[in-house]
A.B. asks: 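Input: one structure, supplied below.
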Amino acid sequence: MHKTIEPKIFYFGTPVVLISTLNENGTPNLAPMSSAWWLNQSCMLGMSGNSQTVTNLIRERDCVLNLPSAALVSSVDKLALTTGKKQVSEKKRNMGYEYVEDKFGRASLTASPAQLVKAPVVNECPVQLEAIVKNIHSFDEPSAIKAIEVEIIKTHIDESILVEGKKNYIDPEKWKPLIMSFCDFYSLGDKIHPSRLAKPFISQYDID
Ligand SMILES: Cc1cc2nc3c(=O)[nH]c(=O)nc-3n(C[C@H](O)[C@H](O)[C@H](O)COP(=O)(O)O)c2cc1C
């Protein structure tokens, strides 16, 4: 029996991304988001155009997509309801948002320089993807949301989540992403079934 409902959000469960960008004065900003999807060497990010992150992406044209493991959930949660925008909008203030200048300090996370982009990497995140902005799309619905298309140009992976003996493979058995489903945090459970796609897909791209 299905019921017809009108949910406020459709966040059915996606990995959390900590996007680091550079502010105008050269200091780093860090923001959690989870409306991200991946294709080939690109990622599409759904983010409010009112965020400091999007302001920075438009100006600087680069970022690092840092993927926290489930173990970093308390750091991520410390960044909830914070913005790097000095002028907090009335809407955000009413929701409990506050301006935080040092988001890395707030989340007990540390930054290091990236190789190819100006934004820093988050040392504690097992996945660090340096990316450049290729396109910024608007949504048809009346909102400030932007779909930001970025291309990943350098990938850093903690060796603890790599497939042993295979340089370019991340082991999904070892990678425990932090997942936001609706507004709560989860991780992934165990593998439930072998995948028929896995074999041809991996052999097609296995050029090592
Ligand atoms: C777990 C989590 C996921 C979030 N996902 C998104 C998202 O996908 N898109 C978005 O615009 N904001 C998302 N937010 C809210 C942003 O973090 C928020 O707008 C924040 O103020 C952005 O920071 P900034 O203004 O410093 O860029 C999320 C927040 C949390 C805690």
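Numbering of ligands and ligand atoms starts at 1, following listing order.
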A.B. asks: As a test of reading the model: which residues have a non-hydrogen atom less than 4.0 Å away from ligand 1?
C.D. replies: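 For ligand 1, the contacting residues are Asn29, Ala31, Pro32, Met33, Ser34, Ser35, Gly46, Met47, Ser48, Ser51, Gln52, Thr53, Ala80, Thr82, Thr83, Gly84, Lys92, Tyr97, Lys103, Met180, Phe185.
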A.B. asks: My understanding is that only one of Arg106, Lys92, Lys86, Lys85 makes a salt bridge (Lys or Arg N to Asp or Glu O under 4.0 Å) with Glu98; could you say which?
C.D. replies: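 Checked Arg106, Lys92, Lys86, Lys85 against Glu98; only one passes salt bridge (Lys or Arg N to Asp or Glu O under 4.0 Å): Arg106.
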A.B. asks: Using side-chain hydrogen bond (donor to acceptor under 3.5 Å, both in side chains) as the criterion, list what pairs up with Glu151, not counting sequence neighbours.
C.D. replies: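 side-chain hydrogen bond (donor to acceptor under 3.5 Å, both in side chains) check on Glu151 returns Lys134.
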A.B. asks: Check Asp62, Thr55, Asn56 against Thr21 for a side chain to side chain donor-acceptor pair (under 3.5 Å) and give me the one that passes.
C.D. replies: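 Between Thr21 and the candidates, side chain to side chain donor-acceptor pair (under 3.5 Å) is satisfied uniquely by Asn56.
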A.B. asks: A quick test of your reading: do over 12 heavy atoms of other residues, nucleotides or ligands sit less than 6.0 Å from CG of Asn25?
C.D. replies: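 Atom CG in Asn25 is packed in, count exceeds 12.
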A.B. asks: Does anything in residues 179-198 form a ring pair (Phe, Tyr, Trp, His ring centres under 6.0 Å)? List the pairs, not counting sequence neighbours.
C.D. replies: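 Ring pair (Phe, Tyr, Trp, His ring centres under 6.0 Å) check on residues 179-198 returns Phe12-Phe182.
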A.B. asks: Table please: side-chain donor-acceptor pairs of residues 28-36 below 3.5 Å, with sequence neighbours left out.
C.D. replies:
| unit_1 | atom_1 | unit_2 | atom_2 | d |
| --- | --- | --- | --- | --- |
| Asn29 | OD1 | Lys103 | NZ | 3.3 |

